[in-house]
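These notes concern the structure reproduced below.
Just so it is clear, the values below take in all heavy atoms, side chains as well, and ignore hydrogens, waters and symmetry mates.
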Amino acid sequence: MKITSDTSDLLIVDDRPLFIGIMLGLFILVFVGIGMAITLSGVWAGLIFVVFGGGLGLTAFALFVRRVQVVFHRPEAWVELRRRSLFGSRTIRHPLEVISRAELESTRNSNGSTLYRVALVIEEGQSAGRHPITEAYSSGSRHQQICEAINRWLETGAHAQDVANS
């Protein structure tokens, strides 16, 4: 996850799982390639590699490779959560003023390591609650940086709004 744009009017946070996408793509190619080579040599059991290896890789790709983009747009006063996967895309838009803050959520995995994700907090209204940016937790220090950047951007806008109303 990283910030791709940070201006006074626009903040864009992107999560593009390129590494896992490339690794799963290679996994699929290896199993399908081996299966096809075995099948072309006359052994029909090679189709097992193609169907199960390729199918397992494709299933994992569909489940784990999801692009997420969060766009904070001050001029039009909205926040959009855009999610895209092999199954299609989905966009959810909230008014900017309902976003209270961003918070860091954490959990522990079976090894005892701490994993994180960033959630947007809406305190009132129909969408009240915590809205995680990504569905999965992951390791790394970028989550804290993203959370701080979102809160700083939101505070800058709130301060500018207070000055304009004075």
Assess whether side chain to side chain contact (heavy atoms under 4.5 Å, CB included) is satisfied between V71 and R82, documenting all intermediate values.
-> CA-CA 8 Å; V71 179; R82 302 171 182 167; 3.6 Å; yes
Evaluation steps, side chain to side chain contact (heavy atoms under 4.5 Å, CB included), between E148 and I150 = CA-CA 6 Å; E148 290 170 359; I150 291 171; over 6 Å; no
Let me see the working for R130 and E105 under side chain to side chain contact (heavy atoms under 4.5 Å, CB included), right down to the final yes or no.
-> CA-CA 10 Å; R130 303 172 70 80; E105 296 181 336; 2.8 Å; yes
Should V70 and V79 be marked as a side chain to side chain contact (heavy atoms under 4.5 Å, CB included) after you check the CA-CA gap, both sets of side-chain angles, and the distance that decides it?
-> CA-CA 7 Å; V70 183; V79 176; 4.0 Å; yes
Could you go through residues 30-52 and list every donor-acceptor pair under 3.5 Å that involves a side-chain atom there, pairing it with any protein atom two or more places apart or in another chain?
residue : atom : partner : partner atom : Å
T39     : OG1  : G35     : O            : 2.7
T39     : OG1  : L47     : N            : 3.3
S41     : OG   : I38     : O            : 2.7

When the side chains of residues 17-24 are checked against the rest of the protein, which donor-acceptor pairs come out under 3.5 Å, sequence neighbours left out?
none

Validation: residues 85-100 side-chain donor-acceptor distances under 3.5 Å, sequence neighbours left out:
residue : atom : partner : partner atom : Å
S85     : OG   : F87     : N            : 3.2
R93     : NE   : E80     : OE2          : 2.9
R93     : NH2  : E80     : OE2          : 2.6

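Not counting sequence neighbours, the partners of E76 by the side-chain hydrogen bond (donor to acceptor under 3.5 Å, both in side chains) test are W78. Partners of T59 according to the side chain to side chain contact (heavy atoms under 4.5 Å, CB included) rule, which considers only residues two or more places apart in sequence or in another chain, are L63.
One side chain, S138 or H143, offers a donor N or O that lies under 3.5 Å from an acceptor on the other.
Counting heavy-atom neighbours within 6.0 Å of R142 CZ, excluding the residue itself, gives a total of 12 or less. Other residues, nucleotides and ligands contribute more than 12 heavy atoms inside 6.0 Å of the CZ atom of R67.
At distances below 3.5 Å, at least one donor-acceptor pair connects side-chain atoms of R117 with backbone N or O atoms of E135. At distances below 3.5 Å, not a single donor-acceptor pair connects side-chain atoms of S113 with backbone N or O atoms of N109.
Taking CZ from F27 and CG from L56, the interatomic distance works out to 5.0 Å, rounded to the nearest 0.5 Å. The structure places OG1 of T114 at 11.5 Å from OH of Y137, a figure rounded to the nearest 0.5 Å. The OG1 atom of T4 sits 4.0 Å away from the CG atom of D14 when rounded to the nearest 0.5 Å. In this structure, the separation between CG on L115 and OG on S106 is 9.0 Å, given to the nearest 0.5 Å. To the nearest 0.5 angstrom, S127 atom OG is 5.0 Å from H131 atom NE2. The CD1 atom of I12 sits 10.0 Å away from the CG atom of D6 when rounded to the nearest 0.5 Å.
The ring pair (Phe, Tyr, Trp, His ring centres under 6.0 Å) analysis of residues 108-128, with sequence neighbours excluded, yields no pairs.
Here the closest non-hydrogen pair linking A102 and C147 is O-SG, 3.3 Å. Here the closest non-hydrogen pair linking W153 and H73 is CH2-N, 4.2 Å. Here the closest heavy-atom approach between residue M1 and residue V118 is recorded as CE-CG2, 4.2 Å. Contact detail for I133 and L81: the closest heavy-atom pair is CA-CD2, 4.2 Å.
V13 and V65 are members of different hydrophobic clusters when ILVMFWY side chains are connected at heavy-atom separations under 4.5 Å.
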